[in-house]
Each structure stands twice: as C-alpha cells, then as structure tokens.
Amino acid sequence: MNDQDKAIVIGGGIAGVSSALSLADNGYEVYVVEKKSSIGGHALSFCCKATEQCNSCGVCLAKDKVTRAASSPNIHLLTHSEVVGVREVRLKDGGVSFEVDVRKQPRFIDEDKCIACSLCYQSCPKPGIAISRPYLSSIPNVFSIDRNHCLAFQQETGCALCEDNCPAGAIFLNQKEETTILHASALVVATGFTAYDARKKGHLGYGRLPEVITGLDLEQRLLAGRASAFFGPLTREGKEHMPPRIAFIQCVGSRDPHISQDYCSRVCCKYAVRMAAKLKSQISDAEVTIFYIDLQKTESEFLSLVEQVRGKISLIKGLPVEIEKAGNGAGVSMRYENIDKGCMESADFDLVVLSVGISPAVQNQILAETLCLRTGRDGFFAPLNLLDSTVSSRPGIFLAGTCQGPKSLVESVSHGQEAALRAVAFLRGLKKKGLEEVCHG
Amino acid sequence: MIVAEQKDITEIVKMIEGCQNILVIGCDTCVTVCLAGGAKEVAILASGLRLALKVQGKEAEVHETSIERQCEKEFVDALKSAVKGHDLLISTGCGIGVQTIAEQFPSLPVIPALNTKLLGLPEKQGVWVERCQACGQCILDKTGGVCPISRCSKSLLNGPCGGSQNGKCEINKDIDCGWHLIYERLKALNRLESLAEIMPVKNWSTSRDGGPRKVIREDMCL
Amino acid sequence: MDFTPAIVAFCCENSAYRAADIAGAQQEGYPSNIRICRLPCSGKLEIIHILKAFEEGADGVFVFACHPDSCKFLLGNVRAGKRIDHTSTLLEKIGIEKERLRFFFLSELEWTAFVEMVRLGNESIRNLGPSPVKKEP
Amino acid sequence: MDNHLDSCTGGNNGIPVKIGVFFCTCGHMMNDYFDVKALMDYAAQVPGVAFVDENRFLCTRSGLEWLRSKIVRSGCNRFVIAGCSPHQYEVRFMNVLEEAGLNRSFLTIANIREGCAWACADKEGCMPKARQILSSAIKRVALAKPLEKVRRKVESSALVIGAGISGIQMAIELHGLGLRPILVEKQEKVCPKDASFMNPCTQGAQGSDEVFSSGWITQKLKELDDKKIEILTSSQVTQVKGGPGAFRVTLETAGQEKILDIGSIVVSTEPEKRAVQKMTALRPSHRIVSLSGLSDLVTRERRALEQILVTADKRTKYVCFILGEAEGFAKRSTVMALNEAIALKKQFKAEVVIAARDIIVSGTQIETLYQKARQAGILFFRSTEDSGPTVSIEKGVITVRIHDPALDRPSAKAASGNAGVCGSQESEGAARPVIIHADLLVFEDEILPGEDTECLKNALRVNLNKGGFYQEANIHLKPNLSNKKGIFLAGSCHGKEETCEALGDVRSVAMAVYSTLSRGYLETEQKVVIDTDKCALCLTCFRSCPHQAIEIGEVELGQKWGAKVIPEACQGCGICAGECPAKAIEMVHYSDNQIFSELTLER
C-alpha cells in the first residue's frame, strides 16, 4: 500500500479512535499509536451517569466506537508505544511522506497469543499491581506486566508463576523495548489531556484529607459500585444514620489566572451536575451542593438535566476559601463565599468532589518539539486558525480532540471526525498531485 | 375498516370452561390491521389461555390458526381439517367472522374473542376513531365530507344541539362537535350557504330500523 | 424454602448482556438459575415471548432495557416498557402474580447494579414460590 | 427435542442439518469450572450434532486456522462455538465461516465463559447451566436462516438543505472531497440572513484577530461560484424516499416539481429569532433593541445608532445588556453581547453594563473575550436566580434596576456609588438595586426552530427534540446523526451556537457523508425480511420503525403493494418484527422460533 493511503494517529483516546475509524471506513490504513496498554483513553474510565434516564454523558458512545475500532481490519493498534521521531521523506513519485519512529515498551505478554483467560492474573502474587489491565474487556483485551512491580524483575530467584500458568505460552519476561519505523503521509495528533492536579490547590485539601476526591476519582468509584458503599454509618449531632453531605467544587484548575489556566474546561459543570444527579438517585436523602462561579447552561440536554435536579440539589454561587478537618471529627468543614448572599459561610461535608479541569497533556511540549508543532500560550497544540481547529502549523499533521483545547466527549468524537476530513482531503490532494506529475512525466 | 378490541381474557377463560380441545382462529384482514385478532394476537391469546388453564389446574389443549377472511364461507370451509378434533372454536374475527364460522360448523360451539366496536380509521398508531355508522343513506355530499350521523353524538341533521362549547361536544370534552367540524369545513369550502338548506327527516329504515339489511347486486347474482 | 426458581432474563445486547458479561468477567457471581436470552433490542421482545417463557416453566421473567433516551434504536426500551405493562395486567388476569415479571433499566457499565438486581430479583421470585403454571393437575 | 430439526430443513433446501460443536477451553481454564469432556459427550448425543471437538485457543491465529480446517473437514453446515461471550470474538468466528464458504448466520456462540463458568455463584449450578446454554445454542443454530448480503450502488451527490453559513461551508467541503453537492435554498437568493450567528472574536495562533465578518461570506459565495456548485434557489424539499446512497428527493423549485437521485442529505437550515418576552412586554422604543437588532444598527444603520449614543451635551451614555432571559443559546448571546459591548465602549466611549446571572464561557476563546471586555471597563452585574433585573420606562427614560447581592454588602454600598454607574441608591431597605438610566437597552434574542421545520421534518421523516430543533435527545445520535441513516444534521439547526462550533460540526458531517458515499457502493445485511403474502398492509411497521427504514409501495415493480425494508437504512433492532400484527416480519438472526428454542427449560 502507498504511503498516501496510510495515516498515523498518535493517541488512542476517543478523539483518536474516532479519527482512525473515519479514516479506516474510507479504506485508509491507520496505525494508532497509544502510550498506555489499552485504547479508549479517559473515556473508558468514566461511569455511566444515567439516573432514571440517560443523561447523555456519552460513555457508551465512546465504548461503541472503541469496540468498532478494535474490529476494523484497517486499524492497527500499537499499544505501549510512543512516537519518538518524525522525518519528512520525499517519495519517488514526488510526494512527501512521514517516516515515524515508534518506540514500543515491552508488555511482557504477547498480544497475539494472550487469550485473556486471566490465569496469569490469578496466579500473580501481586495481582492488579504487577499484572493488570486498565478495564475489563480493555482493547486489546490483553494483560500487561509492570516491570516496576513484578517480582521477576526484583528478586534474584525470579518469580515466574504467570509464565508457568499461562496456557497459551504468551508470557515473555525477556521482552525488550523495540523501535519500529512507520510510513504514512498524514499524522493525526490526538494525545488528549491531563486532568489538573488538584494537589496544587493545597487549600482544598486534596491528598491531605481523605474526604476530598476529584471528579475522576468519583467516576472510578461509581464505576466500581454504588454510591452508598462510599460512606460508612454516619453519625453526627448525636444521631445515627445521617444522610451523607456531598459538595462539588467547580473550576478547580479552570478559569484561574493564578495558575495561567484562565480558560473554561467546558466539561466540569456538566459532569458535576450529572454525577450529583447520579449520587442523588442512588442515595435519595443525600444532601448535594454544587459550588460554582458561572453555571455553563448550554446544550438542551444539560438544560433539562438542570431542570430535573432543581430543588433536589443546591447550587451555590461561590467557591471555597479553605477546607479543613471538621472540628467534631466527622467529615470536613468548608468556608466559602456565598456570592448571592454576599457573605462568607461555612458548612460541613462528608465528601468533597473537586471538579478538576482539563490541562494540557504533560508531554505536549516534548511531542510538539518532535513534530515541530506550535503550542499556544495555554499549552495546548495551536491550530493555524480557530475556525478550522484541526489544521496544525505543519502541513500533513492534524489535531484532534483535547490536545487542541478542552472538549467534551461528544465534541472530541466530532473533532476526531473533523481531523479525519482534513487528513483525507490532504491525502487526496497528494494523490492527485502525484498522478498529475506522473502524467506530466 | 372494521375496528374491534379484544375482550378481557378473564371473560374468555370463563367461556371456555369445560372444553378440552380448543382452536383459536384469527382473521388476516380488518382485525389484523386494527391489531386485535391477527396472527400475533391469536398466538398471545392461545398462550394466555393455556397458561390460565394450567393455573386453574385444568387439562386442555389450545391450538391456533389464522385465515385470510373469516367473513367468507370459502375461506372458513378450508378450516375443516384444522377444526377436526376440537370441541370449541374461538374466533378473533369481528362479529361477522364469528357468525360465518358458526354457520359453517353448526355442530361446534363458537365464541367471540373480540368486541366489534366501530367503523373507523386509526387516528394515530394504536388509536381508532369512528367515522361511519352504516346508516345506508349517505349525506356526506351535503355536509362537506363530515358525517353528522357518526360524528355528532346525537346524530343531528340540522346543526349543533346548542350544548357544544369551543368546538367540543357536551357529552365529552374530548369529542369534537361534529357540527362544528362541518361548519369549519364548509367555511373553508366557501359553501356556508348550504347550511341554510333544511335536511328533511331522515328515513332510518335504511339503517337498523328496518331490521336486518341486505344488499343485492342483481346483475352479479344469477 | 428449598426451591430454586427458573428465571429467564431477556437482555438487550447493547446494555444488560454486556453488563452480565462484565459481571461474569469480574467473577462477581450471580445465581446460576438465571438464564440469559440475548436480544438485539428490548423493543424486539414480544408479549408472546414472555408468555412462552412461563409456558415453558419459568418462575420469573426479567427484562432488561437501556435507560430512557439511550436506546440505540431510540424508543425500543419505551416500547418494551409498554408491552411489559400490558403483559403484567394480562398475567394477573390469567392468575400469575405480576411480580414474576420484572422490568429494569440498565446500562452496559452498571454491572454491579445488574448483579444486585438479579440477586434481589431471584430472592423475590424465590419468596413467591413456584409458578402457579407448574401446579400438578 | 427433534422438532427443531424438522422445522428447519425447509429453510435449508431440504439438506439435513448437521451441527458441529467446537469447545474452546480457554487454555485449560474452563476445566477448573466444569468437566469439558462431559459437556462434549452431552453435546454429541444431542440430535443433529454430527461433530464435536475442542481446542485450547480458538481465538488465536492458530486457533482460527484450526477452526477453518475443521469446519471444512467436518462436513457440517451449522456450528456452535462454546467458549467466551459473543461480544469477544463472534465477529471473528463468523468471518471464518464466511471464508469457508458458509453463511455467517450459521453460527451460534454458547457463552459458557462469561455467562456461566465465571458468573455462577454456586459451583454446583455451573455444569447444569453450561448444559442448558449449550443445548439452547444447538437448538438455536439448527433454526438459523442465512443472512443475505445486499450490495447497492450509491449516488455521489449530496443534498444540502439550507444555504446559511453552515450550508455554504458544507457544499464547499463536500466539493473538495470529490462529491457532488447540491445546495437547496428556500429564498430567492443565497444570502445568509443572519451574519450575527457568527462569533467574530476568535484569536488565532498568531495572535491576530481574525474577524469573522461579511467578508467571509463574500469570499465563500465566490468560491461557490468558482467551483460551479449547483444551487437551487426558491426551492423546498417536499418528499424523500429511499435510503442512504439512493434517496429519491422531490423538490418544488420555482413552482415546478423536480426529482433528484441523491446519495446523502444534510440539513443545515437556520433557526428563527424572536424578541424575548421581557422585551415585548415593554413599550416599543428605538432605544430598546435585541442583540440581532443591535448588530443590524451597527452594520446597516449606523446613523441611527449615532443619534442615540452621540448627543450635543456630551453626557456619558449608558448602554445596558440584559442576558439570561431566554432558554438555550446562551453561549451565542454571551458572545454577541461581549463583542458588541466592546465595540460600543471603544467607538462611542459609552458606559456599558452587562447584567447576567451566569457568564457563559464554555466555548472557543470566550473566556479571553470576557477578560477583554472586563479590561475594556465593561461593568458586569450578577443578578440573582429569583430577582432578575427589572425595566421601567417613565417619561421616555429607561430605568433598569439590578439586584446584585455583591453590592448589598455594607462595605460594597459605598463602592457601588462611585463605581461609575449612574447608580443612585434607592431608599433604605433590604434590597438595594443598582439603577441605570439606559440610553440603549439590549436584550438577547430567543432562538426558535425555523418556521419550515415542521414541513421539512415531515418530508424527511426525521425526528425533532422537545424544543423543536433537529436531532432527538438520544446519545447514540450524537454528534450529528438524524434518526434516519444517510440524513445528517449540521450547524445551528441542531443547536450549535457559535461559528467555530458550527463550522466544526459541518466538517464532521462532511466526513460522515464522505464515509457513506466514498466507496461508490454500500453493502449491508438483510437483517429483516418481510413475507409479502402475510403482510396486511396495516402500516404498523411503517409507523413504528425508529429509523424510517420501511416503505410502503410496490414490492416488485408493477406488483401488489406491501411493506418493504430498505436494508441500507435498517439498523437491525427488530422493532418492526415485534410489532407486526400479522407475523409477516422476521428478523433473520432472531426469529421467533429461535427465541422460543432458548426458552425451553431442561427438566
């Protein structure tokens, strides 16, 4: 196959997957280079936010796309892999193509041989740490071994229980890092985002107080079980079985010039209200409060969700000043500004959820250097023109998803498709030019 | 189209008491279209009866079949072999179907599974409304294509009764006043003056008042 | 009471069937007497399928559909809900407790809820005892 | 137990059904849960089963190779694979069947791993359940009918309905992909009626202000012209038949009927605007305008604007924007208000006040725009949820009272007095509103679905959401699908608010259209078959198909009418089969008999 029929998607998150699918559907050969052991990115670690009805969080949409990508014959998944070098090469027919170095870290389990029977996991002395997969039916549905935790790499005697137990002979503890070279005429960068590290906001107590968690933590907890399991028996004011008090703090790492993340992350209001609704539907007497600056009332689905929770959860305009262990020992105490009342107030909570925002991915700068791309003041990859935000500063390289700026899950799917369009148009252009040159020659 | 609706299953269960071998017969025409007695409903009814019998601890067999049109002797005749061995027939046809079956199989009891309701049309999926009462003397030409016999609760012929309000019938707020509809329709047709014409007393003998009716096409019957 | 009910669970392959798979893969055991019947959409489920299940000796029938507004086929779940309502009344008239037919909304990711629903559902059917259909004549 | 065999030989052209059962033991893992050997023996004695074998890794490459050879050598025509869940490798196994020259529907997976071995809470229940699953699968596969594949040539044309900003961009994008766009506009001329739908401030990577203006439109219109894109003006779509790749569209163009064969359809109509209720409740005044009215003033009637904001007395003029009165499209109004506010502040040195409950910044660069507005000295007041700003007109003076709780604080009271607002404090009381005597009062527009939405919706047979915009509230239709395959939605007709978003949406749709049409043909499985002899033409399926994949008409050219499925539009939900009162519709892979066969309980 010609290089002009091939594309490389860097990042197997939902935007990358959506992009790859669109390209593959049109007959292009697509390589998806994913750093982690499974594609799907953040989206697959989110929980379903349906209450009595679907609240359009889009997680199932993501799951659908990822499953489709996994079974597409035109998509090649390269997990544990990173792009480490890119060169432009001139082709014989005059066209230009990229030569991309991809470094693959060892997984120690052969992807073709593994049958996901989970016997290695069961026999491992440190299951879930040394041998794990990020989610059930991850894609590819293959376990991976973490060198830093696996006993085989730490003890001289060498544990090889997994190797002994694997019925498929898929475990290779001597696997080495390897570098492969891929060729393609178009690249799609879809490396996603890093969630804002809430530890940097010391006054909110994340990492210090066990009652304070982030939205992502809550997603994972809800994915693993029902909300009622989070709380032990709550006793206060001398009474037992008190309903849990839950607070959501908005704009943690968003709209904040002090940390030069002075943009809106676009997703937090929505996920906070959805999760608040979910918690409320699972624990009907829970007292849920959302603290916010400006509630981003856009999109009709969200408006009707806000309508649905009206009166059931409280919305307070204002952000906390500090969160400390509560004096009486139960939960945390929060001081906050109530803008609507124009005064400082304080309240106690059993769980505080920080709605962390979308920060540019940590590796953006390195990748930008590798690919000779420009990043913006905010640290995201900068498009040439915001009216066409998938076109990067270098021809042949396109941007998809949250690597370009904050986007919701559905917006990322759409953006991935957009990037595919630009890539297809670019590849078609190259081909046409190639043909013309051949004719002229 | 004839519109019917299924009887309460408890009523049917009562009617089949004592029978051992039951055949449920569906009709593929009107009652299929009005979702009351087609192949699907026959299967549900038969299964429901089997369950009900088992719950009551009775042993009886319920079989099912369906024919093109129960109101035709020829189609019903074709059931002869299927009917064999049964001691009760249940018809999910309209009243006509039940009677045709009764006439063709005089030795077997036939019971109706449906209540035949009206001649009408589906207003939307699952909702049927009456449009004709088969009065035998159509006057739709005079009333702008809206039938006062079936659509006016009192079947009045010369305008509304005076009880209608905001275009709704005094019998029920959900029913449109037939005469209001006629007025609107004639207004749209620019023919309001035809309302001034007095309609004579209707000869109801062509309707049910004259006893069972008959239609004869001389040229078609030998 | 030493009675293991026979239960048929009609599962939409877009949600509950996957949830059941995940529950399985998590080795999160649920009662083995639950028989899963895969459907392309809960909207495909017909009244006759439910009745047939009871005829075949099921003590309970569970139907799992996607949450409202998330049916891959828009309104299949709503249709299923309406059919279930209709069937419940029918069952009651026939003399089968309507509690033997249960309808649940579930998404693919709510496998913990699936296990919970199935366990509780199984318990409630067990408490109801064998289906009246199975009475010896 | 034998009857499942009798009933299906008919469907198999009289060839006796021979079932091959393959067990995958997933390494040796399955043996830990039940005796696979015993299960195999059990399967072997089920009538119809002609071949039983096991493999340890069916899903691996070598396993699939093994399967292929066994399928051919076994001489069987139906297969059961007992192993992991069908969601794992069903597709892969079906492909193997196909490669071996068999129909892919002649395979049923017995889910004995996720569905049994791993799932059973009690070990004793495991074996009977596995047997149960296995016997259902065998019975089910015996009843399998072939899934036929249909391949249809597709048109390369795409109909773009509505020549607004999105429509124009859409046509250009599709043309760039080598497709043939046809632009349909109901007006006499292509001229986006509302330039103010655009978000003028988007800061580019170079830091330059790319002002999105009428210049953009002129350039795009020229592009349409240069590329010779077909445009049908004064035209409306009246009827659409067929499915993706082969729609037959009837148009009324300049009073004449026109029929086109179209591959795909994009709806990119524009919504309508209406003054908000709060504004209509006031006496009309040239000093009270809507946001779109204001942008008209700015672009077209500058003199009128000058008359309001420039007077001889050189008194500072006050402009007040009230936001948050309309449901939805808040992003659009915030962007427009911020832009206009900055412009008025700069050009007329006016004192500009924006009263809003929440500032909507969740869009491309809106936060930057908001900061810019604040730096420019625009004043923001936050009204509370329950007491929005009130407006009164006395002797021609427009007075706006805003309750901003932040200014209710004792410390803030004094500050608000000299904050530059012409605010005097009203008499002592609990609530102390800020009072503004506005020279120009601006409300946002209420955005409503276009007036022809109902008409077009009926012609296209697509669903609307509760607000009347295109696209039903269902996550599976996101980002831009309609309920009918092959019809896509782009731009503000389904709620996209700002220009960046709308243009992005357009490109995403263009990709979807291209994916539908690029190969020149569509290949689909005929998942649903209708028995025309049984069809009572009751229209139930036609009315209940969620994807409008059923048409009523001549089944074969010149023959009797009946219901027929458009396989390209069908998504295989089986709702029609479930609703059909005549049992004329059958889902090939989920026939009633197959479902019944799974219900029989082993006693």
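Atom set for the values below is all heavy atoms of this structure, side chains included, hydrogens, waters and symmetry mates excluded. Chain letters run A, B, ... following the sequence lines, proteins first, then strands; residues in each count from 1.
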task = Applying ring-ring contact (aromatic ring centres under 6.0 Å, His included), run through C/Phe62 and C/Phe104 and close with a yes or a no.
result = CA-CA 8 Å; C/Phe62 298 166; C/Phe104 304 99; 5.7 Å; yes
query = For C/Ile36, is it the side chain, the backbone, both or neither that has a heavy atom under 4.5 Å from a heavy atom of chain D?
reply = backbone
remark   = In D/Asn593, D/Thr600, D/Thr108, the residue satisfying side-chain hydrogen bond (donor to acceptor under 3.5 Å, both in side chains) with D/Lys139 is D/Thr600
task = Determine yes or no for a side-chain-to-main-chain donor-acceptor pair under 3.5 angstrom, with D/Arg104 supplying the side chain and D/Leu97 the backbone.
result = no
request  = Please report the closest heavy-atom contact between D/Glu90 and D/Ile109, naming both atoms and the distance.
outcome  = CG-CG1, 3.8 Å
query = Does a donor on one side chain sit under 3.5 Å from an acceptor on the other, for C/Asn14 and D/His476?
reply = no
Proximity breakdown for C/Arg83 and chain D, heavy-atom pairs closer than 4.5 Å = side chain
ask   = So what's closer than 4.5 Å to chain D heavy atoms on C/Glu28: side chain, backbone, both or neither?
value = backbone
message = I'd like to know which of D/Asn463, D/Ile475, D/Asp592 tops the heavy-atom pair count under 4.5 Å against chain C.
response = D/Asp592
request  = Please flag which part of C/Ile47 lies under 4.5 Å from any non-hydrogen atom of chain D: side chain, backbone, both or neither.
outcome  = neither
inquiry  = Could you tell me if the side chain of D/Lys485 sits less than 4.5 Å from the side chain of D/Glu568, heavy atoms only?
reply    = no
request  = Identify which part of D/Leu477 has an atom lying under 4.5 Å from any heavy atom of chain C, answering side chain, backbone, both or neither.
outcome  = side chain
query = Where does C/Leu45 contact chain D at under 4.5 Å (heavy atoms): side chain, backbone, both or neither?
reply = neither
query = Within a strict 4.5 Å, meaning less than it, do heavy atoms of the C/Met117 and C/Leu120 side chains meet?
reply = no
Closest non-hydrogen atom pair, D/Val462 against D/Asn483 = CA-OD1, 3.2 Å
For chain D, the option from C/Asn33, C/Thr4, C/Leu39 that forms the most heavy-atom pairs under 4.5 Å = C/Leu39
remark   = Interface check, chain D: of C/Ala6, C/Pro40, C/Ala23, C/Gly43, most non-hydrogen pairs under 4.5 Å belong to C/Pro40
ask   = By a 4.5 Å heavy-atom criterion (distance strictly below it), what part of D/Glu579 contacts chain C: side chain, backbone, both, or neither?
value = both
task = Determine, using ring centers only, whether C/Tyr30 and C/Phe114 are less than 6.0 Å apart.
result = yes
key: No-hydrogen, no-angle side-chain donor-acceptor test under 3.5 Å, C/Glu110 and C/Ser107   = yes
request  = Name the option with the most non-hydrogen atom pairs under 4.5 Å to chain D; the candidates are C/Cys71, C/Gly76, C/Ala80, C/Ala20.
outcome  = C/Cys71
request  = Counting only heavy atoms closer than 4.5 Å, note whether C/Glu13 contacts chain D via side chain, backbone, both or neither.
outcome  = both
ask   = Is it the backbone or the side chain of D/Ser544 that comes under 4.5 Å from a heavy atom of chain C, or both, or neither?
value = both
note = If you tally heavy-atom pairs under 4.5 Å between each of D/Cys126, D/Cys84, D/Ser136, D/Pro86 and chain C, the highest tally belongs to D/Pro86
Chain C interface, residue from D/Gly574, D/Gly578, D/Ala121, D/Cys573 that has the most non-hydrogen pairs under 4.5 Å = D/Cys573
ask   = What part of D/Phe596 lies closer than 4.5 angstrom to a heavy atom of chain C: side chain, backbone, both or neither?
value = side chain
query = Checking D/Lys123 against chain C: side chain, backbone, both or neither under 4.5 Å from a heavy atom?
reply = neither
ask   = D/Asn31 and D/Val36: which non-hydrogen atoms are nearest, and at how many Å?
value = OD1-CG2, 3.3 Å
ask   = What part of D/Gln571 lies closer than 4.5 angstrom to a heavy atom of chain C: side chain, backbone, both or neither?
value = both
